[in-house]
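Nothing here was measured: the structure is a model prediction, and the numbers come from that model.
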Amino acid sequence: MAHLSRTTLRRVSRAAECNCARPFLARCSPVPATNRAFRTTSPSRTDGVFRELTAQRLQTPWVEALRKQQEESKSGAEKPATPSVPRERELTPKHMGDSYHKVVLPLAQDPWLLDTYLNSSGHIRLGTIFMDLDALSGVIAYKHTGDDVTTVTASCDRIVINHPLTEICDLELSGKVTYATGRSSMEITMQVAKAPQEGQPIKNEDVLIHCTMTMVALDPATKKPVNVNPLVVSSPKEKRLYDLGERNSKVRKQRKETALTKHTPNDLESDLIHAFWQKQLQYHDPYDELRKPDNAHFMDTTILRNATIMQPQNRNRHQFMIFGGFLLKQTFELAFTTAAAFAHARPTFVSLDPSTFQNPVPVGSILYMTATVVYTDPPLIGAPDEQFDAESEYTRVQVRVDSKVRDVEHGHSKPTGTFNYTFTVKKNIRVVPRTYQEFMLYLDARRRAEQVKETLQHESVGLSAQKAEQSVTE
C-alpha cells in the first residue's frame with residue numbers, strides 16, 4: 001500500500017469532514033443540493049356538501065360540549081324542571097315552501113367527494129345517501145319549527161327507488177314539510193334526483209329516490225312533545241301532498257292498533273301458519289317422499305349480528321346523542337350483507353319499508369344490531385287463493401334489523417328501533433319460519449309487504465327487478 005504524505009492526508013480529512021456535514025441524500029445524489037420549501041396540497045373536501053348539512057346539525061365542537069357537561073356535573077347543576085317552551089306560544093300557520101331546502105352533491109365534478117360515496121365495486125353507497133337525507137330532514141324540520149324546540153326522527157315511513165341511476169352525476173337533495181296539523185309531529189317529504197341545469201325543473205324520470213320521514217318536536221328541558229306550526233295548503237299539488245300525509249298518519253295508527261303484539265293472527269294468517277306446520281311434518285315424515293327444497297332456508301340460519309361503539313363524530317345537534325342518519329346507514333349495510341349472505345347473490349335495494357326509532361342512542365354506548373331475513377316474495381307457501389309465480393328467477397327479500405343500545409358502565413339496555421329493508425335478488429330462494437316467534441316475524445313482514453305494494457300502486461312509484469339491476473347505486 002502506498003504511503004500518503006501528511007499534506008495529502010490533511011486534504012482527505014478536510015474533504016471527509018465537509019462531506020459528512022452534508023445531508024445523506026445530497027452526498028448520494030450527483031445533483032447539487034438546493035434549498036426546498038415545504039408545500040401543502042390543496043385540501044380534499046372529503047365530506048363535500050354533507051359538510052353544509054353537518055354545519056347546520058353541529059354548532060359546538062365536541063370537546064367544548066364535553067367540558068361544559070363535566071363542569072356542570074362537578075358543580076352539581078341540574079337541568080331546569082320547568083318547560084323551556086311556553087305553553088301558549090304563538091304558532092302561526094306556515095306554507096310548505098317556508099321549510100323548503102335543497103343541497104347539491106357535485107359527485108360528477110368533485111372526485112374526492114365522489115370517493116367518499118363509492119363502494120368497492122364503484123357503486124354509490126345508498127347508506128351514505130340515507131345519512132344525507134336524515135340530516136336534510138333535520139334542517140327542514142328546524143326551518144318549520146324554529147330553534148327553540150328539539151326535533152327528533154320518530155320514523156322513516158318509506159324510502160323508495162323510483163328510477164335507476166345509470167351514470168355518476170351531480171345529485172340534488174330537496175324536501176319540505178308536507179303534513180303538520182299543529183300537533184307535535186310533522187311529515188317531511190324529500191327526493192334525490194339528477195341535478196338539473198340552472199333554472200330547469202327536475203324531470204320525473206330523473207328522480208332517483210322518494211323519501212318521507214316523521215319528525216317530532218320536543219321541549220328541550222322536559223323532553224315532552226310540544227305543538228308545532230300547522231300547515232296551510234295553497235295549491236292542488238300541495239293539497240295532494242297533504243292528503244297523502246294524512247293517509248300515511250292513519251296507516252301508522254292502524255298498524256299500531258292491529259299489531260301482532262296486541263292481537264292474535266287473523267283467520268287467513270292462522271291458516272298460513274297451519275299450512276307451514278303441515279309442510280314441515282311432511283319434510284320429516286320418513287314415509288313421505290317430500291323433502292325441504294334446496295332453495296328453502298330456515299329463518300334462524302339467516303341471522304347476522306353486529307356491535308359497534310358510538311363515537312361523537314356521529315352525534316346530532318344536541319351533542320350527546322347519535323343522529324338518525326348514522327343508524328340508517330349502519331342498519332342498511334347490515335341488511336344488505338344479510339341479504340347477500342342469504343342469497344349468495346348481489347342484492348339490489350328496493351325500499352326501506354315503514355320503520356321506527358324507539359329510543360335515542362347516547363354517544364359512548366354500544367349499539368347491537370340483529371338482522372334476519374323474515375320474508376321472501378314469492379313465498380314458499382301462499383295464502384288460499386293467493387296468486388304468485390313460484391318459478392320466478394327474481395325474489396324480493398325482506399330483512400328486519402332490530403337494534404338495541406347498552407350502557408357501557410351500568411349494562412342497562414333498551415331497544416332503539418326496528419328497520420325493514422326490501423331487496424331484489426336474481427335467484428329463486430325462500431325463507432321458512434319454524435318457531436312461533438319466527439311465524440310472528442314472518443306475518444308482520446307479510447303485512448308490511450302487502451301494505452307497501454298497495455302504497456306503491458297508489459303512488460305509481462317503485463322499480464322493477466330488471467331495471468334495478470341497471471342502477472349504479474348499492
Less than 3.5 Å apart, which donor and acceptor atoms pair up between the side chains of residues 271-278 and the rest of the protein, not counting sequence neighbours?
residue : atom : partner : partner atom : Å
His274  : NE2  : Gln278  : NE2          : 3.3

Interatomic distance, [X] atom [atom1] to [Y] atom [atom2] [nearest 0.5 angstrom]:
| X | Y | atom1 | atom2 | answer |
| --- | --- | --- | --- | --- |
| Phe439 | Leu441 | CZ | CG | 11.0 Å |
| Gln191 | Thr212 | CD | OG1 | 12.5 Å |
| Leu241 | Glu187 | CG | CD | 9.0 Å |
| Ile188 | Ser137 | CD1 | OG | 5.0 Å |
| Lys102 | Lys176 | NZ | NZ | 12.5 Å |
| Leu208 | Ile202 | CG | CD1 | 11.5 Å |

Heavy atoms only: give me the nearest [X]-[Y] pair and the separation to one decimal.
| X | Y | result |
| --- | --- | --- |
| Val149 | Tyr142 | O-CE2, 3.2 Å |
| Tyr283 | Pro293 | OH-CD, 3.4 Å |
| Pro265 | Met440 | CG-CE, 3.7 Å |
| Leu107 | Leu114 | O-CB, 3.6 Å |
| Pro378 | Tyr394 | CD-O, 3.8 Å |
| Tyr100 | Ser174 | OH-CB, 3.5 Å |

Applying side-chain contact (heavy atoms from CB on, under 4.5 Å) to Arg158 and Asn248, what does each step give before you reach the verdict? CA-CA 10 Å; Arg158 63 191 179 281; Asn248 291 337; 3.1 Å; yes

Going by salt bridge (Lys or Arg N to Asp or Glu O under 4.0 Å), Asp444 matches just one of Arg447, Arg446, Arg448. Which one?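 Checked Arg447, Arg446, Arg448 against Asp444; only one passes salt bridge (Lys or Arg N to Asp or Glu O under 4.0 Å): Arg448.
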
Can you confirm whether more than 12 heavy atoms, excluding those of [X], are under 6.0 Å from its [atom1] atom?
| X | atom1 | value |
| --- | --- | --- |
| Glu391 | CD | no |
| Arg291 | CZ | yes |
| Asp294 | CG | no |
| Arg183 | CZ | no |

Would you please say whether a donor-acceptor pair under 3.5 Å links the side chains of Ser403 and Thr416?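 Distance-only check passes for Ser403 and Thr416.
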
Assess the side chains of Thr395 and Arg430: does a donor N or O sit below 3.5 Å from an acceptor N or O?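 On atom types as modelled, these side chains qualify, holding a pair under 3.5 Å.
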
Walk me through whether Asp134 and Thr153 qualify under side-chain hydrogen bond (donor to acceptor under 3.5 Å, both in side chains). CA-CA 8 Å; Asp134 187 79; Thr153 307; 3.2 Å; yes

Who are the side-chain contact (heavy atoms from CB on, under 4.5 Å) partners of Asn204, not counting sequence neighbours?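 Scan of Asn204 (side-chain contact (heavy atoms from CB on, under 4.5 Å), adjacent residues dropped) gives His163.
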
Which side-chain hydrogen bond (donor to acceptor under 3.5 Å, both in side chains) pairs, counting each pair once, include a residue from [range], with sequence neighbours left out?
| range | answer |
| --- | --- |
| residues 354-379 | Asp377-Lys453 |
| residues 258-268 | none |
| residues 225-242 | Ser234-Glu238, Lys239-Asp243 |

Could you check if a side-chain atom of [X] sits within less than 4.5 angstrom of a side-chain atom of [Y], using non-hydrogen atoms only?
| X | Y | answer |
| --- | --- | --- |
| Val405 | Lys414 | yes |
| Lys94 | Ser99 | no |
| Val399 | Phe342 | no |
| Met215 | Val228 | no |
| Ile209 | Leu133 | yes |
| His210 | Thr189 | yes |
| Lys194 | Lys203 | no |
| His297 | Val373 | no |

Could you check whether Phe130 and Phe349 have their ring centres less than 6.0 Å apart?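 Centroid separation for Phe349 and Phe130: below 6.0 Å.
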
Do Lys292 and Phe298 meet the cation-pi criteria used here (NZ or CZ under 6.0 Å from the six-membered ring centre, within 45° of the axis)?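 Relative to the ring axis of Phe298, which defines the angle, Lys292 lies inside both limits.
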
Leu113/Thr116 under side-chain contact (heavy atoms from CB on, under 4.5 Å): CA gap, chis, key distance, verdict: CA-CA 6 Å; Leu113 173 62; Thr116 64; 4.1 Å; yes

When you look at Thr145 and Val226, which way does the side-chain contact (heavy atoms from CB on, under 4.5 Å) test go after all the steps? CA-CA 10 Å; Thr145 64; Val226 294; over 6 Å; no

Check: [Y] main-chain N/O paired with [X] side-chain donor or acceptor under 3.5 Å:
| X | Y | result |
| --- | --- | --- |
| Asp206 | Ala193 | no |
| His144 | Ile140 | no |
| Ser249 | Gly245 | no |

Output side-chain donor-acceptor pairs under 3.5 Å for residues 322-331, partner residues at least two apart or in another chain, one line each.
residue : atom : partner : partner atom : Å
Thr331  : OG1  : Leu327  : O            : 2.8
Thr331  : OG1  : Leu328  : O            : 3.1
Thr331  : OG1  : Tyr421  : OH           : 2.7

Show your working on salt bridge (Lys or Arg N to Asp or Glu O under 4.0 Å) between Asp402 and Arg400 and close with a plain yes or no. CA-CA 6 Å; Asp402 293 294; Arg400 171 180 171 136; 3.0 Å; yes

Would you sort out whether Ile168 and Ile124 count as a side-chain contact (heavy atoms from CB on, under 4.5 Å), showing the intermediate values? CA-CA 8 Å; Ile168 301 298; Ile124 294 177; 3.8 Å; yes

